Amino acid sequence: MFQILKKKELNPSVTLMEIYAPYIARKVQAGQFVIFRVDEQGERVPLTVADCNQEKGSITLIFQIVGRSTMKLNALQEGDAILDLVGPLGMPTELPEHAKNICVIGGGVGCAIAYPQAKAFSKAGLHVDVIAGFRSKNIVILEEEIKKHCSELILCTDDGSYGMKGFVTNALETRITQNHIKYDTVVAIGPILMMKSVCELTKKYQIPTIVSLDPIMVDGTGMCGGCRVTVGGKIRYACVEGPDFDGHQVDFDELIKRNGIFKEREAECRMMTLADKL
Amino acid sequence: MPNMSKTKVPIPEQEPKVRAKNFEEVTLGYTIEMAIEEANRCLNCKNKPCVSGCPVGVRIPEFIQKITEQDFASAYEIIHSTNALPAVCGRVCPQERQCESKCVRGKNAEPVAIGRLERFTADMHVNQHEDIIKKPVSNHHKIAVVGGGPSGLTCAGDLAKLGYEVTVFEAFHVAGGVLMYGIPEFRLPKKIVQQEIENLKSLGVNIMTNMVVGKVFSIDELMQQGYEAVFIGSGAGLPRFMGIEGESLVGVCSANEYLTRINLMKGYQDGYDTPVLKSKAVAVVGGGNVAMDGARSALRMGAEHVYIIYRRSEYEMPARQEEIHHAKQEGVEFLTLQNPVKILGDENNRVCAVVCQKMELGEPDASGRRSPVPVENSEYELPVDTVIMAIGTSPNPLIRTTTEGLETNQRGCLIVDETMMTTKKGVYAGGDAVTGAATVILAMGAGKSAAKSIHAYIMQKNL
């Protein structure tokens, strides 16, 4: 059993949990993920690790409440425990050798993964800017934490209620064209559509771009093939070969369609829980 | 006088129409009377050809003799002394190609039903709750086993019997490997697998779940922790796809994924959260046991039509006769000498049909089987909403990519010598990780030989 040491609501649909998992905390690196199973009836669900504390033997998970499993997880309190937690899985984020000037882009809850990456790159002595995009001011997360680990944080909201008005792609293009910043690498994590748009832009400016994918998985160890994505025309398995891939090679349209398999069911779960509450 | 009946005592089964709608076990097992009657068909031959057909060398005539004497506890002890998982083997071994194929009675009649008798003996043991298994005295040598599937569990069991302190590192939340995630409940009830694992725990085997070796510990770290030898039984791995158009449509999955959702995650049961595709018409591509398991599971999940698409003829199918027979009885439709060339999707990117091409058999290929040759202009559309690929796996890259000094062959399988030692000293391997996808019993045989070699290695090292 893996005990929840700390729980914090970052916004109404995003929660942070610090969980006691000493073996995982000892090994996990930025970009890697874990799979949790809340209880005996639960699904196996992958989540990228947002942070770790080796002294406390804990890892931090930040998750959006989207379906039955994340609702179940969110229903637990400090002191409760989840049944299973396995990891670290996947490959750590690996930057191109020449990388010196990096722009990390996070969209929404994707900032939970952009954060440890920015932290790792800064620690490695690289120049890191972060562009964090949210729909609106009330759902901004991790602003202070990210600020500590980058040279500049450019915050933007779709509705202009906080920071710059516009999408992360607008912010990135402004940086490149108006501020004349020459990023040699972009790392983008967020909704698939956002990553797709970022990649279209960086392709135009020929900036190598790494994306972190979150396809559907069951085992997370290279057995079910549910997480297969087409990268450069070849089948790749996000769980053992990813979750990071060269964004310019990823077939995003296919990924969008495949990730929608259980969308209806997720919505159904949210409705049913809402109905239970009423 | 032996029972000279030419046929095996039939084993009771659930009616095909009934069982195609439930996940309960298909075959119900012998009663005591049936078992004794069948056991009496054994001639107790002096040269015991059946034993030579068993990858783990079960002393077959001896245990069958004990059944005729109604000494079921001794029968169990005889089997369990060489076979760590009797209740499993009695159900899933291809006996018709192993022990039973060598049976003298099989020359002019049906062989003795060795598999059914093994299952009977194992089930009797479970039902009687006699705890005859005791933890042996420890020899204080620690061994790590990577992977809690058939090869790992067998290796662990054999070493534990010799007094080793064995820890099994299992990646999933429960041990059993393919016995838990792959083989369906109706062929191998999970309760039975867990009972066998409990028996191993009684022998002193320690099982740590949620441990992905290669990630949470490397093999080298395990050895630094004081494990004197390591056995790698990490299994097959990445499912193969055909590389045809439409394989990334919604509704195409590997048999591993489909079966894992149903078996390991219990997606077929109410109250479990893991979703399973609800299908009306399913095409399962492949002709092995995994294809049969996928097809029969799809029927039980409520599909109206389930097709097996196989590019050779039924004669070349690698699946067990019994599985093919059961699948047909239950209503699985066999489309042999056909090969999918394309999968079609609707406007929502969901599978709506598979385009099949007819095949005919040509010259034998490297495997000795006649190779299928496409028939020109024979394509047609088969309307389905789900396609399950059961065309094999390639070895899991997780361990070889994280362990220095482990060599693999071109296919990515770990290379071992005749003692099952890999190219890394003190590290042994067996099962699908070495052979590529094979059977439960072959993996068990490998685990068994590795245990023997590990014992010799440790004894030598500590002289």
Side-chain angles (χ1 to χ4, degrees), chain A residues 2 21 23-24 26-28 32 34-45 67-69 71-72 83-91 216-230 234-235 237 239-241 251 253-262 264-266 269, chain B residues 170-174 177-178 181-182 208-212 214-218 221 234-241 243 247-261 264-267 269-275 277-278 345 348-350 389 393-398 401-402:
Chain A
F2 300 82
Y23 290 133
I24 302 174
R26 216 169 48 90
K27 273 293 177 74
V28 68
Q32 290 188 299
V34 292
I35 283 188
F36 74 85
R37 194 173 74 124
V38 175
D39 56 27
E40 189 51 44
Q41 282 74 37
E43 292 174 87
R44 293 171 63 91
V45 182
R68 186 189 295 274
S69 296
M71 278 189 247
K72 265 186 175 179
L83 186 58
D84 296 296
L85 193 64
V86 58
L89 299 169
M91 305 301 286
I216 288 168
M217 285 181 194
V218 185
D219 66 300
T221 60
M223 197 204 76
C224 78
C227 68
R228 65 189 189 277
V229 286
T230 305
K234 277 195 190 135
I235 292 185
Y237 298 88
C239 67
V240 285
E241 302 178 286
D251 185 341
D253 294 335
E254 177 191 295
L255 183 62
I256 290 168
K257 288 167 187 159
R258 281 180 49 81
N259 262 25
I261 299 183
F262 298 116
E264 288 158 25
R265 189 184 152 106
E266 281 172 358
C269 285
Chain B
E170 165 59 44
F172 272 147
H173 51 263
V174 58
V178 72
Y181 73 73
M208 289 180 80
T209 53
N210 294 318
M211 287 289 182
V212 180
K215 291 290 179 187
V216 72
F217 297 121
S218 66
E221 281 172 314
S234 52
L238 299 171
R240 286 211 191 102
F241 288 87
E247 271 184 313
S248 48
L249 289 166
V250 173
V252 182
C253 67
S254 72
N256 269 3
E257 177 178 354
Y258 191 71
L259 291 170
T260 301
R261 286 177 182 275
L264 180 75
M265 305 311 295
K266 300 196 169 68
Q269 280 183 32
D270 284 341
Y272 283 80
D273 297 342
T274 302
L277 287 170
K278 296 267 178 286
N348 297 317
N349 217 43
R350 286 175 184 267
M389 291 293 175
T393 56
S394 47
N396 196 316
L398 232 153
T401 53
T402 54

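For clarity, every value in this text was computed on a predicted model and none was experimentally measured.
In this structure, chain B has a heavy atom under 4.5 Å from the side chain of A:Tyr237, while its backbone stays farther away. Of the two parts of A:Arg44, the backbone and the side chain both hold a non-hydrogen atom closer than 4.5 Å to a non-hydrogen atom of chain B. Of the atoms belonging to A:Phe36, not a single heavy atom falls under 4.5 Å from chain B. Residue contact with chain B, scored on non-hydrogen atoms closer than 4.5 Å, is absent for A:Lys234. For B:Pro239, the parts lying near chain A are the backbone and the side chain together; criterion is any non-hydrogen pair under 4.5 Å. Of the atoms belonging to B:Tyr258, not a single heavy atom falls under 4.5 Å from chain A. Contacts between B:Glu221 and chain A at a heavy-atom distance below 4.5 Å involve the side chain alone, from C-beta outward. Of the two parts of B:Leu398, only the side chain, counted from C-beta on, holds a non-hydrogen atom closer than 4.5 Å to a non-hydrogen atom of chain A. For a residue to count as touching a neighbouring chain, one of its non-hydrogen atoms must lie under 4.5 Å from one of that chain's; by this rule B:Val252 touches chain A with backbone and side chain alike.
With respect to chain A, the highest number of heavy-atom pairs below 4.5 Å among B:Ser248, B:Ser234, B:Ala236 belongs to B:Ser248. Ranked by non-hydrogen atom pairs under 4.5 Å with chain B, the options A:Gln32, A:Glu241, A:Lys72 are led by A:Lys72. Chosen from B:Thr209, B:Val212, B:Val216, the residue pairing most often with chain A at heavy-atom distances under 4.5 Å is B:Val216. Counting heavy-atom pairs under 4.5 Å between each of A:Met217, A:Glu254, A:Arg228 and chain B puts A:Arg228 at the top. The residue among A:Val28, A:Leu85, A:Thr230 with the most heavy atom pairs within less than 4.5 Å of chain B is A:Leu85. Highest contact tally toward chain B, considering only A:Gly90, A:Gly42, A:Gly226, A:Gly222, is held by A:Gly222 [criterion: heavy-atom pairs under 4.5 Å].
What you find for A:Val38 and A:Ser69 is that their closest heavy atoms are CG2-O, 4.0 Å. Counting all heavy atoms, side chain and backbone alike, B:Val250 lies closest to A:Lys257 at CG2-O, 3.4 Å. The two residues A:Val240 and A:Met91 have their closest heavy-atom pair at O-CG, 3.6 Å.
Using modelled atom types, one side-chain atom of B:Asn256 and one backbone atom of A:Met223 make a donor-acceptor pair closer than 3.5 Å. Counting only distance, with no hydrogens or angles, the side chain of A:Asp219 and the backbone of A:Thr221 share a donor-acceptor pair below 3.5 Å. A:Arg68 places no side-chain N or O within 3.5 Å of a backbone atom of A:Met71 that could act as its donor or acceptor partner. Checking side-chain atoms of B:Arg261 against main-chain N and O of B:Pro275 turns up a donor-acceptor pair under 3.5 Å.
For B:Phe241, the CZ atom is densely surrounded, since the number of other residues' heavy atoms within 6.0 Å is greater than 12.
In this structure, the separation between CD1 on A:Ile24 and CG on B:Asn210 is 8.0 Å, given to the nearest 0.5 Å.
Looking only at side-chain heavy atoms (C-beta outward), A:Leu83 and A:Glu40 come within less than 4.5 Å of each other.
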